[in-house]
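Since we're looking at a predicted model, the values are computed, not measured. Each chain gets a letter, A, B and so on, in the order the sequences are listed, and its residues count up from 1.
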Number of protein chains: 2
Amino acid sequence: MADIRDVAQRAGCSIATVSRALNSPQLVRPETLARVQAAAAELKFRPNALGRQLRGERTGLIGVMLPTLGNPVFADCLEGIEAAIDGTGRRLLLVTTQYDPERERNAIETLLQQRVDGLLLTLADAEHSALVDDLAAEGVACQLVYNDAPNRPCVSVDNRAAAAQGVSMLIEAGHRDIVMVTGALHASDRAKRRFLGYGDAMQAAGLTPLPAVEIDFNSGARGERVREWLAQRERDGARPTALFCSNDLLALGAMRALREAGLRVPDDISVLGFDGLAVGELLSPTLATVVQPSVEIGRHAAQRLLAQIDGRAASAAPGTVDANHALILPHAIRRGGTVAAPPRR
Amino acid sequence: MADIRDVAQRAGCSIATVSRALNSPQLVRPETLARVQAAAAELKFRPNALGRQLRGERTGLIGVMLPTLGNPVFADCLEGIEAAIDGTGRRLLLVTTQYDPERERNAIETLLQQRVDGLLLTLADAEHSALVDDLAAEGVACQLVYNDAPNRPCVSVDNRAAAAQGVSMLIEAGHRDIVMVTGALHASDRAKRRFLGYGDAMQAAGLTPLPAVEIDFNSGARGERVREWLAQRERDGARPTALFCSNDLLALGAMRALREAGLRVPDDISVLGFDGLAVGELLSPTLATVVQPSVEIGRHAAQRLLAQIDGRAASAAPGTVDANHALILPHAIRRGGTVAAPPRR
DNA sequence: GTGAAAGCGCTAACAA
DNA sequence: TTGTTAGCGCTTTCAC
């Protein structure tokens, strides 16, 4: 592979001139420039980014860490990130963690070793993680994505308020017997906040919040578990009239389980999701859900990160960046066919 | 940020010893090793991957280029890729191209400048692209993903045969009036092959293939176009009894348009997709579709690429790698609720 | 406008 | 077992 020296030799100049010709053409006499360009083309010269990155103090790499891409909510977010960095000449180094805290640690370390300019992270549980503090202490540019940790640089919706609003909608539709279905609560700060929101709405309506039904995401068989739980409730004659699922994927799985159990949605039981996946609108009935603007979350997070990175260079006093607080984007309620009035008893 | 020299000084040894302690601990006296490790920990030393990469001939980076992550088929594939490289100490450099050939060129160039060890690519149209030949000529390790180009290193299903089998299934269900709905044919080799498969099946049954209905993906309003076209056909009194959509996303959009036009699926019209998205199974009726094993496609492609990369080092004679042909994975037909017998006239 | 030279952080001969 | 040293490919003063 041709290197800058080869080009210099062929163009009959020094490597410094080649470098200038490539990076600051205006500093080079047009004639020389042409010779360099010709030489570079003939040799199919491909500048080695590693050399440049080792020399300079920026790599142009952005580290992105997400739990999984199996949930479209994260893929959507990644699209927003891509959109935001498009045209900036930056590239994405991507890692997924499967919600595993150990992998989170490793992944971040790896990304930092590659000298990424900044980090975009969705942590399983940002509140109980010292990681972010460590990063801040080290002066690493970083934005949390989806995690809504107050006083932290992050972009998200207000999960608690959003969940409360969704559940209120169920209550207004006449439901009193509402159960929340969720992944492992201890493993996700978002699920926890959504559960709090559920409680807020129930209590505000004078209803008693019920314990959450926790489903292990990693077990794969989400539908299975819903079905089991449902059968149990059915035997007790205590089937709720509505399910609030902590995310749309779970809602979809639950609906399937309900269907297989011979229940009709929404006639026998209503279902409300959280996320606002696009596919939800294509179903029939369409999935009622609390919509978070996933693409926008990704886009904003990336934009803030870029500002942070650029600002770090600009401002003499570090820490004066204005992207250091939480950015809470608006959520919305999508009323869908999966929510109706509870059945008459 | 602490550097290898700082660690050496603190541990009272040379930088070479530090390097050894970190990379080949067995070459270092236990006592020295301990001192180095202590020094590294105290200084929070984080080895700079760029330095190592510039020196060695491998970066451990894999370049991944996909059209979009908005279609779960690619997100799934990426999951498979991640799974395959997990534990190998490699990282993914990700770029999406939005099916734009110009972006494809740029992206690849960028990835090569970063000195990725290999490339995993889904091209809009692999057949009409000289890119892959160039890469091969340059000796770049590379696997195509989803593109089924014979005689090329790629992993895919047999799109033509798979489509034919799907359409045959429609024919067996009694349909004779089947139309294929697709994105721009000229922009995707897969769509083209699937259209050929459609033709094969029609002709094998003595039916006349109809022109494909092409929908511009980039226009965003996919449903719109389906609706327009449908209205047109309706006026002509020539509504087909079945739609074969070149991918599941399109099928979902089409179903929505049909629903909005007051048509029932599958009572008035049947719909068959292609991809086998997981969400298709959660719908009701469930989406009938030609299933390609997306995660496996990603996984195999990555595995082959790794073999190629490692082999390149091992074998003296380059080009002797056995991952140089096309790997065709088996497809399947998922019979779903969206396909039924055609309505009686 | 151009060149010589230092050096980014690391690894791998080669010596000791 | 450890140290010295020569680069990997590039950018960037500092001279000319």
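- The CD1-P distance, from B:I4 to C:dG7, rounds to 18 Å in whole Å.
- When side chains are defined from C-beta on, B:S156 does not count as touching B:N147, because their heavy atoms never get closer than 4.5 Å.
- Scored by the side-chain contact (heavy atoms from CB on, under 4.5 Å) test, B:A136 finds no partners at all (sequence neighbours excluded).
- Fit an axis to the five pairs at each end of the helix from C:dG1-D:dC16 to C:dA16-D:dT1 and the two axes sit 40° apart, to the nearest 10 degrees.
- In this structure, A:R55 reaches the bases: a heavy-atom distance under 4.0 Å links it to at least one base atom across the strands shown.
- For B:R5, no side-chain nitrogen or oxygen approaches OP1 or OP2 of C:dG9 to under 4.0 Å.
- Partners of A:Q9 under the side-chain hydrogen bond (donor to acceptor under 3.5 Å, both in side chains) rule, at least two apart in sequence or in another chain, do not exist in this structure.
- Partners of A:N151 under the side-chain hydrogen bond (donor to acceptor under 3.5 Å, both in side chains) rule, at least two apart in sequence or in another chain, do not exist in this structure.
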Atom pairs, protein N/O to nucleotides 3-5 of chain C N/O, distance under 3.5 Å:
from	atom 1	to	atom 2	distance (Å)
C:dG3	OP2	A:S14	N	2.8
C:dG3	OP2	A:S14	OG	3.0
C:dG3	OP2	A:T17	OG1	2.5
C:dG3	N7	A:R20	NH2	3.2
C:dG3	O6	A:R20	NH2	2.5

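- Each of B:R29 and A:L50 was matched to the nucleotide of DNA chain D holding its nearest heavy atom; the match closer to the 5' end belongs to B:R29.
- Atom CD in A:Q113 sits about 10 Å away from atom P in C:dT11, given to the nearest Å.
- The list of ring pair (Phe, Tyr, Trp, His ring centres under 6.0 Å) pairs with a residue in residues 46-90 of chain A, not counting sequence neighbours, reads A:F74-A:Y146.
- The distance between atom CZ of A:R52 and atom P of C:dG9, rounded to the nearest whole Å, is 18 Å.
- Mapping heavy-atom proximity under 4.0 Å, the span of DNA chain D touched by chain A runs 5' to 3' from D:dG9 to D:dT13.
- To the nearest angstrom, C1' of C:dC10 lies 9 Å from CG of B:D3.
- Under the side-chain contact (heavy atoms from CB on, under 4.5 Å) criterion, B:L111 pairs with B:L93, B:V95, B:V116, B:L119, sequence neighbours left out.
- Applying the ring pair (Phe, Tyr, Trp, His ring centres under 6.0 Å) rule to pairs touching residues 105-126 of chain A yields nothing, sequence neighbours excluded.
- Pairs of residues two or more places apart, or lying in two chains, never qualify as ring pair (Phe, Tyr, Trp, His ring centres under 6.0 Å) while including a residue from residues 7-56 of chain A.
- Sorted by first and then second residue, the salt bridge (charged side-chain N to carboxylate O under 4.0 Å, His left out) pairs with a member in residues 64-80 of chain B form an empty list; sequence neighbours excluded.
- Applying the salt bridge (charged side-chain N to carboxylate O under 4.0 Å, His left out) test to pairs two or more places apart or on separate chains, those with a residue in residues 119-128 of chain B are B:D125-B:K192, B:E127-B:R193.
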